[in-house]
Amino acid sequence: MIVILKHGVKEEKKEQLINWLKTLHLGVHISDGSFQTVLGLIGDTSHVDIDLIASLEIVDSVKRVSEPFKCCNRKFHPEDTIVEVGDVKIGSGNFCMIAGPCSVESEEQIVSIAKSVKEAGANILRGGAFKPRTSPYDFQGMQADGIELLKIARQETGLPIVTEIMGIKHLSLFEDVDIIQVGARNMQNFDLLKELGRLRKPILLKRGLANTLKELLMSAEYIMAGGNEQVILCERGIRTFDDYTRNTLDLAAVPMLRELTHLPIIVDPSHATGIARLVPPMALSGAACGADGLIIEVHNDPMHALCDGAQSLRPEEYAVLAHKVRQIREVINA
């Protein structure tokens, strides 16, 4: 249920209403916009008298919300959320470029790539320290050492870092990571999502390879229900019957999610296609359809990469793509 207050309501009156609603054992999500305040009521609202609330002098209207996701629902929070990572803003017209290798392999490798992608215009560095692999015999990442190397790259370039977490037991290693990524395989690891909800740190939540948009939003809800509202959604492709690409990039998800939620939405064309030559056209398409950013894999020697070299761009290829993305952004914002 949402309660929309009239414009110019006194703070004292608003607080009285909020305190009364809380006595009904309801959580109250407050969204203060430029022209109106929206109170999102979370919990069992079946016993709430809508007519009584609507009759209050400070209330403009009351509506029931049928969707199971509340905190991330645009009806609860009409204005776009902006997630801030250092000097970088993501969402509401603020476009982010996240780039780096699938896996951290050495200090020389990650620092070199970090400098290259920053020069090309990237403002956040990605790099895998823990690697969830289909085969137990594949490279599993440098783990804790990989995170330390990402920190070195951050110190060398000033770029915030994002890397993927595999489980709750690793949380202590991520205290100095700027953005924690939840990968597709962990999108419905609800115990992990609950723990991330207790943090006050940006979370990059990737859509599972066989999950619906509602399921993605419900996973975001787990994080936000814990009090952490800094969630970034990522469309990274879903599994379909086609077998020419690694996954099928669902670009329609971006404008659809834009209607459903106030959270920032970024696109990952690397995991979606699995083929380096397909990354640029899909990245440009992602920028054109209204995404708030792109996360792209870049490696200085893809042929010898320990992980996902086939979908990684070389630094010079990324520089060309980044320039074209900026041109697309100029066109759609004109």
Side-chain angles (χ1 to χ4, degrees), residues 27-33 38 40 42 65 67-86 88-98 123-124 126 160-168 171 174-175 177-208 211-236 250 253-268 271 286 290-295:
V28 182
H29 183 279
I30 305 168
S31 176
D32 289 311
V38 176
I42 303 170
V65 176
E67 294 90 353
F69 48 92
K70 309 298 180 185
C71 297
C72 63
N73 198 316
R74 186 172 286 281
K75 294 175 184 176
F76 275 49
H77 194 297
E79 298 187 354
D80 291 338
T81 285
I82 299 175
V83 174
E84 297 189 30
V85 188
V88 181
K89 295 183 178 181
I90 308 169
S92 192
N94 300 286
F95 194 82
C96 70
M97 291 287 285
I98 307 173
N123 45 19
I124 299 176
R126 63 143 293 148
I161 56 175
V162 54
T163 192
E164 182 174 348
I165 191 169
M166 291 290 293
I168 295 173
L171 264 174
F174 286 73
E175 290 182 358
V177 169
D178 300 295
I179 305 175
I180 299 178
Q181 175 181 306
V182 177
R185 295 171 177 83
N186 265 322
M187 193 205 84
Q188 290 187 307
N189 182 341
F190 299 122
D191 286 340
L192 174 61
L193 299 180
K194 289 177 184 178
E195 288 299 320
L196 296 177
R198 296 187 175 95
L199 305 181
R200 295 301 176 263
K201 183 187 292 287
I203 308 298
L204 174 59
L205 179 64
K206 286 197 166 187
R207 182 183 182 182
N211 288 106
T212 65
L213 296 184
K214 181 181 288 187
E215 288 168 340
L216 171 62
L217 291 172
M218 290 307 298
S219 290
E221 193 78 7
Y222 264 92
I223 300 170
M224 299 182 73
N228 186 357
E229 299 184 351
Q230 301 180 76
V231 179
I232 305 159
L233 304 177
C234 180
E235 166 56 40
R236 46 79 70 201
D250 182 12
V254 177
M256 189 71 255
L257 286 169
R258 183 75 64 215
E259 292 182 12
L260 296 171
T261 183
H262 53 90
L263 298 175
I265 308 148
I266 69 171
V267 168
D268 177 352
H271 282 90
D292 295 302
L294 297 168
I295 178 168

Of all the heavy-atom pairs spanning [X] and [Y], show the shortest one and how long it is.
X	Y	result
I161	V177	O-CG1, 3.9 Å
I232	I266	CG2-CG2, 3.9 Å
F95	L294	CZ-CG, 3.9 Å
V38	F76	CG1-O, 3.5 Å
D178	P160	OD2-CA, 3.2 Å
L233	A220	CD2-CB, 4.0 Å

Could you pull out all residues at least two apart from [X] that satisfy side-chain hydrogen bond (donor to acceptor under 3.5 Å, both in side chains)?
X	answer
K70	none
H77	none
D80	R74
S31	none

Please report the interatomic distance [atom1]([X]) to [atom2]([Y]), rounded to the nearest 0.5 Å.
X	Y	atom1	atom2	result
I223	L205	CD1	CG	5.0 Å
T261	N73	OG1	CG	7.5 Å
Q230	K201	CD	NZ	9.5 Å
N228	L196	CG	CG	7.5 Å
T81	D292	OG1	CG	10.5 Å
L263	I203	CG	CD1	12.0 Å

Problem - Under 3.5 Å donor-acceptor, R200 side chain and G197 backbone - result: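 It does hold such a pair.
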Problem - Any donor-acceptor N/O pair, R236 side chain to A184 backbone, under 3.5 Å - result: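 Absent.
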[X]: what forms a side chain to side chain contact (heavy atoms under 4.5 Å, CB included) with it, not counting sequence neighbours?
X	result
C71	I42, E221, M224
E235	R207, L249, D250, A253
A291	V254, V267
M218	P68, F69, K214

I'd like to check the salt bridge (Lys or Arg N to Asp or Glu O under 4.0 Å) partners of [X]; sequence neighbours left out, ordered by chain and number.
X	answer
R198	E195
E67	K75
K89	none

Handout entry: Test item: K206 and E164 side chains (from C-beta on) under 4.5 Å apart, heavy atoms
Key =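 Answer no - side chains too far apart.
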Problem - Side-chain heavy atoms of N94 within contact of V83, under 4.5 Å - result: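 With C-beta onward as the side chain, the pair stays apart.
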Output side-chain donor-acceptor pairs under 3.5 Å for residues 187-194, partner residues at least two apart or in another chain, one line each.
| unit_1 | atom_1 | unit_2 | atom_2 | d |
| --- | --- | --- | --- | --- |
| Q188 | OE1 | N211 | ND2 | 3.3 |
| N189 | OD1 | L192 | N | 3.3 |
| N189 | ND2 | N186 | OD1 | 3.0 |

Practice task
Please lay out, stage by stage, how V162 and V85 fare under the test side-chain contact (heavy atoms from CB on, under 4.5 Å).
Solution key: CA-CA 10 Å; V162 54; V85 188; over 6 Å; no
